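First up is the structure itself, then whatever we jot down about it.
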Amino acid sequence: MAYKPYPIYDLKQGKVTAKEPWLIPIDAFETLNNCHLRRGVLEKRKGYSEFGRIINIDTTTDAPSFIGDAVMGLYNYYKGSVETLIGFDQDRINRYITDAAGGTSITVFADAGGGEVTVTAVAHGMITDDICRITGTTSYNGIFKITKLTADTFKITDTWVADDATGTVIQEPFIDLTRTSIRFKHGSVQVHTLVVGDVLTGADSGATATVEDIIIDTGTWAGNDANGTVIFTNATLAGGPFTDAENLTDAGANVIGKADGVESDNEFTGDNSNYFWFENWDDYGYITNNVDQIRRFQVGSKGGYYSTLFNIDLDVVGGPDNDVNSALLIFTHKERLILLRTQERGADHYQRARFCVASTPTSWNDGDYVDAPTEEWIIAADFLGDDLIVWFERSIWKLAYTADGTAPFRWEKLVDTEGCYASYSLVSFSDEILGVGPTRFVGFDGREAYGIDEKIPDFILTWDQDAVGYSYGLVLEEESQAWITYAEVGEPTPNKAVILNYEKDSWATYTLPAHCLGYSSLLSDLVWDDVTANWNTLDYSWDDRSLQSGYPTSLMGATTGYVYKLNDGGSDDGSDIEFVAMTGRWNPFAEQGAKADLGWVDFLCDKDANVTFDVELFLNQETTLYDTKSVTCDGDGDKVWKRIYVGAVGEFHRLRITNNASANRPRIHAVVPWFQPAGRLI
């Protein structure tokens, strides 16, 4: 009998573990790692590249350093129509500089005297106080704050050694916004107008610091009732610290108010499990990490970006003071800020939704809250249409709007059988929310909850259960994918992501160090000077839509302090990407009780002479391969057929398609095995 083709076109199934490998559909895979199905094609995922890293500035010395703490959030702050990317590590807030200078060659180092070195890098593109990274030298590798001299030269603080006459300088694109600051309130004395550049003095402590900006939260100078925060220039605090409740005076000894707490360098105190939540409303950003007092983010009077403690005074006794210690999540809904799962005056309220006065985020009433009638804790929340859906441990509720001015919200239980175990795992669409439940992925459409992982049941149970709370979700619309990160058994934090193609309901996994996920928009198109790779190694086209202005840029924050751009390039920041696609066990004659003789297999691939993959062959139930065939995708046309010869007989046949390389991305459109029956199966 002659061999017959059994073509597998328009691949749709993806990763399927619901049945034994010999029972899954012929176009399904038991393993799809670092690859996925997209529009019927099996393709290796793209890589990721360095987007920036979080640099800390010492507020005492003004010196920069790379600490390497985990990235804890990537958000976009909006003031009007202007978008600013904000990155958090465990302690600090950092702003992304969209026009940061790229790598520039250094040609000369010279002794500037006084512990400084002059660096020549033609058209370096930086200004004074920018932070740069110097690499490729013998004596001057490191991170520095620069003083610009000319368009081609700048100074750094370092010990002069010799003219290395080589190296590269790149501007660090994330700038630490941490500043020393002090809150003040007006007290009973005359309030004097404070201005930028004044030297503020503590009347009792004798501490002094130079004013960089003043943030007024409530009141006015003219009304003698101004309350807010004074931001200090780094490394100017002297004779400190300031002391609580002391009078604060300017250089002319005019009293501007009383210290409302000692000065702070604005650091947060959480660990790598305390992710940040950022909510935009009316040109302000509201920040919480479920540990520290809520902070408010804004642009100051001189254009600087600052965060200040956000006092929520519930009783106005001795105020303004703060009565809300922390919150898990913050939302804006019906012209009110809503805080979920608060700690107030030291007491935890795990079921609470607290809200401000309508349209007035600085005004809060003690009785303006509603507690859900359950013992479960609030875990996660997001909007489904106009409804704020709140996920508890084992139930799903709606914080329903009543339009009653005195009781504007009430809790309505929607589901009492499913919940969420990871606060940042939710993936939201216009008509559905997905989350990580206790034992499965849960979908909710506004009416009912249901499992969405029929193809990969019990997959969540294979994760390290101690790290489930770290799972982080994001929709990548440009790829029609939803990502949820997870940790394999034995890993303390996520090292993998499970990928759902939500258009085709197919699953895959990626291996990558995603501690948090986020996105932004490129503000300018790619230009010739941005392309540093060899043209022959590029795996994108010049008109690739992902390179165009305004296209969403998907980002990944790692535990190492680095932020990476996803779906970029053909390597993982210079490391090879290993993709593995393991088929089911094939035998088209199993139902007739016959063994199968596999003669050969044809693959329809994108044509690219630089692309290769290996096909490992397995027989029956064996886990040890018996042969490996290599394929090179060269030829004529935009697609090419490639054939591997097998010539083996067995109860079942299985293929493992692999590729472990950089700038080498297979795309397989079809797989056609050729079989003939070969004797009795049993």
Side-chain angles (χ1 to χ4, degrees), residues 3 6 8 11 13-37 42-45 455-459 461-463 488-491 495-496 498 507-511 575-591 593-603 605 611-633 642-661 664 666 668 671-682:
Y3 290 102
Y6 291 82
I8 307 170
L11 300 166
Q13 294 292 330
K15 178 181 175 69
V16 177
T17 59
K19 298 179 179 180
E20 291 292 327
W22 64 281
L23 293 173
I24 65 177
I26 194 171
D27 65 338
F29 298 84
E30 184 182 16
T31 300
L32 272 182
N33 192 53
N34 287 331
C35 54
H36 55 253
L37 303 184
L42 170 63
E43 62 182 18
K44 183 179 179 179
R45 71 167 171 85
K455 290 184 177 180
I456 53 169
D458 303 325
F459 183 67
L461 301 180
T462 68
W463 300 2
E488 292 183 301
V489 172
E491 294 290 335
N495 66 321
K496 304 272 285 189
V498 60
W507 297 85
T509 61
Y510 293 168
T511 300
S575 297
D576 293 343
I577 305 171
E578 182 177 12
F579 106 73
V580 178
M582 174 72 87
T583 70
R585 294 189 171 98
W586 294 342
N587 180 352
F589 316 114
E591 292 186 359
K595 294 180 180 179
D597 178 354
L598 177 59
W600 56 87
V601 183
D602 293 328
F603 298 89
C605 314
V611 170
T612 61
F613 59 88
D614 291 334
V615 182
E616 299 172 348
L617 302 170
F618 299 80
L619 275 177
N620 305 326
Q621 310 294 329
E622 297 295 327
T623 58
T624 302
L625 61 90
Y626 68 87
D627 200 0
T628 300
K629 305 290 185 178
S630 296
V631 176
T632 300
C633 301
K642 291 293 176 177
R643 174 170 290 182
I644 63 168
Y645 288 95
V646 181
V649 175
E651 298 174 1
F652 298 102
H653 297 266
R654 200 173 198 192
L655 311 183
R656 184 165 63 196
I657 306 169
T658 68
N659 168 289
N660 187 10
N664 187 339
I668 301 172
V671 181
V672 183
W674 293 73
F675 286 108
Q676 67 177 359
R680 295 174 59 86
L681 186 63
I682 54 175

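Since the model is a prediction, treat every value here as computed from it, not as a measurement.
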Distance col, row Lys629:NZ vs Lys642:NZ, nearest 0.5 angstrom, shows 15.0 Å
Parallel, tilted or perpendicular: which describes the rings of Trp22 and Phe652, with under 30° parallel and over 60° perpendicular? tilted
Stepwise side-chain contact (heavy atoms from CB on, under 4.5 Å) check, Leu655 with Trp586: CA-CA 9 Å; Leu655 311 183; Trp586 294 342; 3.6 Å; yes
Less than 4.5 Å apart, any side-chain heavy atom of Met582 and any of Phe29? no
Using side-chain heavy atoms (C-beta onward) and a distance below 4.5 Å, is Ile577 in contact with Arg45? yes
So which atom in Gly650 and which in Leu619 form the shortest heavy-atom distance, rounded to 0.1 Å? CA-CD2, 3.9 Å
Validation row: Glu616, Tyr626 side chains within 4.5 angstrom (heavy atoms): no
Check whether any side-chain N or O of Lys15 sits under 3.5 Å from a backbone N or O of Ile456 as a donor-acceptor pair, and report yes or no. no
Less than 4.5 Å apart, any side-chain heavy atom of Cys35 and any of Val580? no
I'd like to know if the side chain of Asn495 pairs up with that of Thr511 as donor and acceptor (distance under 3.5 Å, no hydrogens or angles considered). no
Over all atoms of both residues, closest heavy-atom pair of Ile24 and Gly584: CD1-CA, 3.7 Å
Look at the aromatic rings of Tyr6 and Phe675 and report parallel, tilted or perpendicular, splitting at 30° and 60°. perpendicular
Donor on one side chain, acceptor on other, Asn34 and Lys44, under 3.5 Å: no
With side chains defined as the heavy atoms from C-beta onward, is the minimum distance between Asp602 and Trp674 less than 4.5 Å? yes
Quick check: do Thr17 and Lys455 have side-chain heavy atoms less than 4.5 Å from each other? no
Are the aromatic rings of Phe603 and Phe613 close, with centres under 6.0 Å apart? yes
Is it true that Ser630 and Asp614 share a donor-acceptor pair across their side chains at a distance under 3.5 Å? yes
All heavy atoms of Ile668 vs all of Leu11, minimum pair found to be O-CD1, 4.1 Å
Are the side chain of Asn587 and the backbone N or O of Glu651 linked by a donor-acceptor pair below 3.5 Å? yes
Going by the rule salt bridge (Lys or Arg N to Asp or Glu O under 4.0 Å), which residues pair with Glu43 if we only count those two or more places apart in sequence or in a different chain? Arg665, Arg667
For a side-chain contact (heavy atoms from CB on, under 4.5 Å) check, start with the C-alpha distance between Val646 and Leu617, then their side-chain angles and the critical distance, and finish with the verdict. CA-CA 8 Å; Val646 181; Leu617 302 170; 4.1 Å; yes
I would like to know whether Leu42 and Ile657 meet side-chain contact (heavy atoms from CB on, under 4.5 Å); could you show each step before the answer? CA-CA 10 Å; Leu42 170 63; Ile657 306 169; 4.2 Å; yes
What heavy-atom pair brings Gly14 and Leu37 nearest, and what distance separates the two atoms? N-CD1, 3.2 Å
Quick one: does Ile8's side chain get under 4.5 Å of Pro673's, heavy atoms only? yes
Which heavy-atom pair separates Val611 from Asn664 by the least distance, and what is that distance? CA-OD1, 3.2 Å
Evaluation steps, side-chain contact (heavy atoms from CB on, under 4.5 Å), between Ile644 and Val631: CA-CA 8 Å; Ile644 63 168; Val631 176; 3.6 Å; yes
Any chance the rings of Trp507 and Phe459 have centres within less than 6.0 Å? no
Please name the pair of heavy atoms, one in Leu32 and one in Ala581, separated by the smallest distance, quoted to 0.1 Å. CD2-CB, 3.7 Å
Look at Asp597 together with Lys595 and state whether they make a salt bridge at an N to O cut-off of under 4.0 Å. no
Without swapping roles, check the side chain of Thr509 against the backbone of Lys496 for a donor-acceptor pair under 3.5 Å. no
Exam field: side chain Arg643 to backbone Val601, donor-acceptor pair closer than 3.5 Å: no
